[in-house]
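See structure below.
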Amino acid sequence: MINDIKRISFKQILFFLVCVLVVEFLLLKHTPFFWDAVSKSGRASWIYAHGLSEFIVPTELNSGHPPLWVGLLAVFWTIFNKALWSSRLLLLLVNIGVVWQIIVLCKNNFLKTVSALAVFLVCLEPTFLAQTTNLNNDMLLLFFTLLALNSLIKSKSVLFTLASTGLLFTNLRGIYIVIAIAIIHIIYARFKLIEIKKPIYFGYLFAVLTFAVFCYFQYEKLGWFIISQNENYNEHRQSVGLKQILTNIIVYVKIFLEYGRFIIAIFLLPLLLKYLKDKTRNDVRIDRMIVAFFVFVLVYFLGMVPFSNPFGDRYFMICYLLAIVLLVNLIEYYNVRKKIVIYTLIVFMFVTGHFWIYPATLSQSWDSSLAYLNIYNVEEQMEHYINSRGIKPSDIGTRINLNSRDYSEFKMLAETDRYAQFNFETNKFILLSNIENQTKDEELNYVITHWKLVKTYSQLGVFMSLYQKE
């Protein structure tokens with residue numbers, strides 16, 4: 001039986017992962033857009049409403065991010081129907097592309113003695129797993145990132161051109177990623193970690209030129225490009241002082257350790273230090289992963305820590321995946337004892353990572369683990385209770401994103417079904433939840449202390465509580 005397991009191929013694993021993703025699609029095909037993804041649905045709805053005739057979204061909706069993901073959503077709605085299932089069909093195709101590229105990454109960079117089964121360890125990373133369920137543009141960005149890195153390693157110029165262009169048109173973070181890929185390219189070439197083929201340089205030129213053309217047309221229409229003039233987003237593009245930089249550094253480090261990822265650091269750091277100190281080391285596959293990991297970490301650090309834009313765990317998925325591939329290689333390279341125990345412990349930490357729930361007074365990246373899926377049952381129970389008690393939503397103040405269902409669920413709300421803005425003075429009731437991060441600690445404590453708890457529902461740590469003014 002052990003020999004049969006060892007003979008499992010990368011193709012068989014890819015087939016299995018695709019089947020898992022299809023099952024995930026069927027289970028979640030009616031699950032709404034969540035958190036930041038709701039704004040993407042709003043922009044896609046604008047493009048859809050204009051019959052795909054215009055892809056440059058007006059400033060009042062525009063965060064500055066390029067429109068590839070929202071444009072694809074609008075295209076899928078036009079072909080099939082504007083529905084959650086068609087949105088998730090697009091996500092399914094992107095997810096399949098991502099796992100395909102993860103397979104390629106592992107096949108090309110695992111040591112020869114590493115079992116193909118180690119791919120499962122990479123795919124169990126909590127934030128990656130959560131993002132396969134989230135209708136945001138991060139999985140599309142990850143697909144192009146992996147495609148760019150894999151194409152660079154194999155010197156496939158056409159795919160590299162596609163990947164580089166896709167990165168710049170999916171998200172502004174794609175600029176950082178293209179810069180990181182270029183630095184990786186220079187280092188790989190300098191130390192002869194890849195075969196150099198000149199046509200691949202065309203990919204950078206084509207991507208930059210096409211993105212520049214897009215920026216020109218956006219500037220012609222809106223009067224700005226890249227840095228949005230929408231005041232809701234413009235404040236996230238500002239530089240910050242030393243105190244905030246120090247805070248951002250702490251957050252940056254914390255993110256790499258959250259949701260069970262600290263176990264990777266515990267095993268990776270000593271093995272990595274041992275490898276770097278080993279003057280006899282000479283493994284191209286390990287060297288490539290080390291370079292890629294550290295370049296991405298450094299570029300993201302320099303591109304995000306000095307600025308005001310809040311960053312979440314999902315931004316750094318490529319770093320987590322590379323770290324796991326690197327760890328697997330180093331464990332095999334040094335033939336570490338008790339491998340099964342180590343891998344079992346990593347799997348355990350990754351699975352339990354989806355149950356990490358912080359106190360309500362601490363902000364949490366809810367879209368970075370599967371814990372966020374619990375909110376839908378809790379929300380349904382709470383709204384059933386509110387309706388059964390005859391309480392008007394307009395009497396309830398909340399910061400939970402319940403008024404955006406025209407974009408998150410494609411359900412038009414009547415004015416009487418809309419919740420009021422959070423206000424101590426005017427609200428008869430206040431609805432709190434740890435699923436949102438906008439309510440300040442002092443506001444939360446004031447409501448808990450001075451208002452009457454009417455009803456609360458919770459599921460695996462995710463809660464909603466209704467309070468009434470006394």
For residues 460-470, which residue pairs pass the side chain to side chain donor-acceptor pair (under 3.5 Å) check, not counting sequence neighbours? T456-S465
Just by distance, no angles: are the side chains of S369 and W356 close enough, under 3.5 Å, to form a donor-acceptor pair? no
Could you tell me whether D417 and K411 have a side-chain N and a carboxylate O separated by less than 4.0 Å? no
Look only at the side chain of T352 and the backbone of M349, and say whether a donor-acceptor pair between them is shorter than 3.5 Å. yes
For F293, does the CZ atom have more than 12 heavy-atom neighbours from other residues, nucleotides or ligands under 6.0 Å away? yes
Run the numbers on M382 and I386 for side chain to side chain contact (heavy atoms under 4.5 Å, CB included), then give the verdict. CA-CA 6 Å; M382 180 57 75; I386 290 171; 4.0 Å; yes
Using modelled atom types and a 3.5 Å cut-off, is there a donor and acceptor pairing between side-chain atoms of S9 and backbone atoms of Q12? yes
About how many Å separate CG of L172 and NE2 of H65, when rounded to the nearest 0.5 Å? 5.0 Å
Side chain to side chain contact (heavy atoms under 4.5 Å, CB included) between V70 and F55, worked out: CA-CA 9 Å; V70 295; F55 286 84; over 6 Å; no
Within the distance-only criterion (no hydrogens, no angle test), does the side chain of T133 pair as donor or acceptor with the backbone N or O of L129 below 3.5 angstrom? no
Which heavy-atom pair separates S368 from T127 by the least distance, and what is that distance? O-OG1, 3.0 Å
Reported CG-to-CD1 distance for the pair L92 and I96, which is rounded to 0.5 angstrom: 4.0 Å
When you compare the side chain of F143 with that of T170, does any pair of heavy atoms fall below 4.5 Å? no
Measure the shortest side-chain to side-chain distance between L91 and Q131 over non-hydrogen atoms and say whether it is less than 4.5 angstrom. no
Can a side-chain donor-acceptor contact be found between S365 and Y259 if the only test is distance below 3.5 angstrom? no
Side chains of S41 and L73, heavy atoms from C-beta outward: is any pair under 4.5 Å? no
Please identify which of these residues, L402, I391, I430, N427, meets the side-chain contact (heavy atoms from CB on, under 4.5 Å) condition with I396. I391
Side-chain touch I375/W366, heavy atoms, less than 4.5 angstrom: no
Does K254 have more than 12 heavy atoms from other residues, nucleotides or ligands lying within 6.0 Å of its NZ? yes
Would you sort out whether F424 and H450 count as a side chain to side chain contact (heavy atoms under 4.5 Å, CB included), showing the intermediate values? CA-CA 11 Å; F424 290 134; H450 295 90; over 6 Å; no
Give, for atom CG of L105 and atom CG of N150, the distance between the pair rounded to the nearest 0.5 Å. 5.0 Å
Would the number of heavy atoms belonging to other residues, nucleotides or ligands and lying under 6.0 Å from CZ of F348 be above 12? no
Heavy-atom pair of closest approach, residues H354 and L370: ND1-N, 2.9 Å
To the nearest 0.5 Å, tell me how far D36 CG sits from D138 CG. 8.5 Å
If you look at every heavy atom in Y407 and S45, which pair is closest and at what distance? CD2-OG, 3.7 Å
Of all heavy-atom pairs between I357 and L460, which one has the smallest distance, and what is that distance? CG1-O, 3.7 Å
Between atom CZ of F267 and atom CG of L345, what is the distance when rounded to the nearest 0.5 Å? 5.0 Å
Mark yes when over 12 heavy atoms from residues, nucleotides or ligands other than Y216 sit less than 6.0 Å from its OH; otherwise mark no. no
Kindly check if the number of other-residue, nucleotide or ligand heavy atoms within 6.0 Å of NZ (K339) is above 12? yes
Keeping the roles fixed (side chain from N434, backbone from G461), state whether a donor-acceptor pair exists under 3.5 Å. yes
Is there a side chain to side chain contact (heavy atoms under 4.5 Å, CB included) between V328 and Y343 once you walk through the steps? CA-CA 9 Å; V328 169; Y343 291 146; 3.9 Å; yes
Around atom NZ of K221, are there more than 12 heavy atoms from other residues, nucleotides or ligands closer than 6.0 Å? yes
H50 side chain vs W46 backbone, donor-acceptor pair below 3.5 Å: yes
Taking all atoms of both residues into account, what is the closest heavy-atom pair of V378 and Y457, and its distance? CG1-O, 3.5 Å
For the backbone of I56 and the side chain of E54, can you confirm whether one donor and one acceptor N or O come within less than 3.5 Å of each other? yes
By side-chain contact (heavy atoms from CB on, under 4.5 Å), which residues pair with Y252, not counting sequence neighbours? F256, V297, Y300, F301, V305, F311, F316
Give the minimum heavy-atom separation between Y176 and G303, together with the two atoms involved. OH-O, 2.5 Å
Determine whether the side chains of Y358 and E258 contain a donor N or O and an acceptor N or O closer than 3.5 Å. yes
In W35, F34, F33, the residue satisfying ring-ring contact (aromatic ring centres under 6.0 Å, His included) with Y372 is F34
Any luck finding a side-chain donor-acceptor pair between N248 and Q244 under 3.5 Å? yes
Short side-chain to backbone donor-acceptor contact, N437 and S363, under 3.5 Å: no
K82, NZ atom: more than 12 neighbouring heavy atoms under 6.0 Å: yes
Does D313 come within less than 4.0 Å of R261, counting only side-chain N to carboxylate O? yes
Are side-chain heavy atoms of L142 and L321 found at a separation under 4.5 Å? yes
Close side-chain approach of I8 and I13, heavy atoms under 4.5 Å: yes
Any side-chain heavy atom of S87 within less than 4.5 Å of one from F76? no
pair N62-Q218: side-chain heavy atoms closer than 4.5 Å: yes
Check: F463 main-chain N/O paired with S433 side-chain donor or acceptor under 3.5 Å: yes
Less than 6.0 angstrom separating the ring centers of W85 and F80, yes or no? yes
With rounding to the nearest 0.5 Å, note down the distance linking CZ in R173 to CG in L167. 11.0 Å
Counting distance only, does the side-chain N/O of T210 pair as donor-acceptor with the main-chain N or O of A207 below 3.5 Å? yes
Please check: side-chain N/O of R88 versus main-chain N/O of T31, any donor-acceptor pairing under 3.5 Å? yes
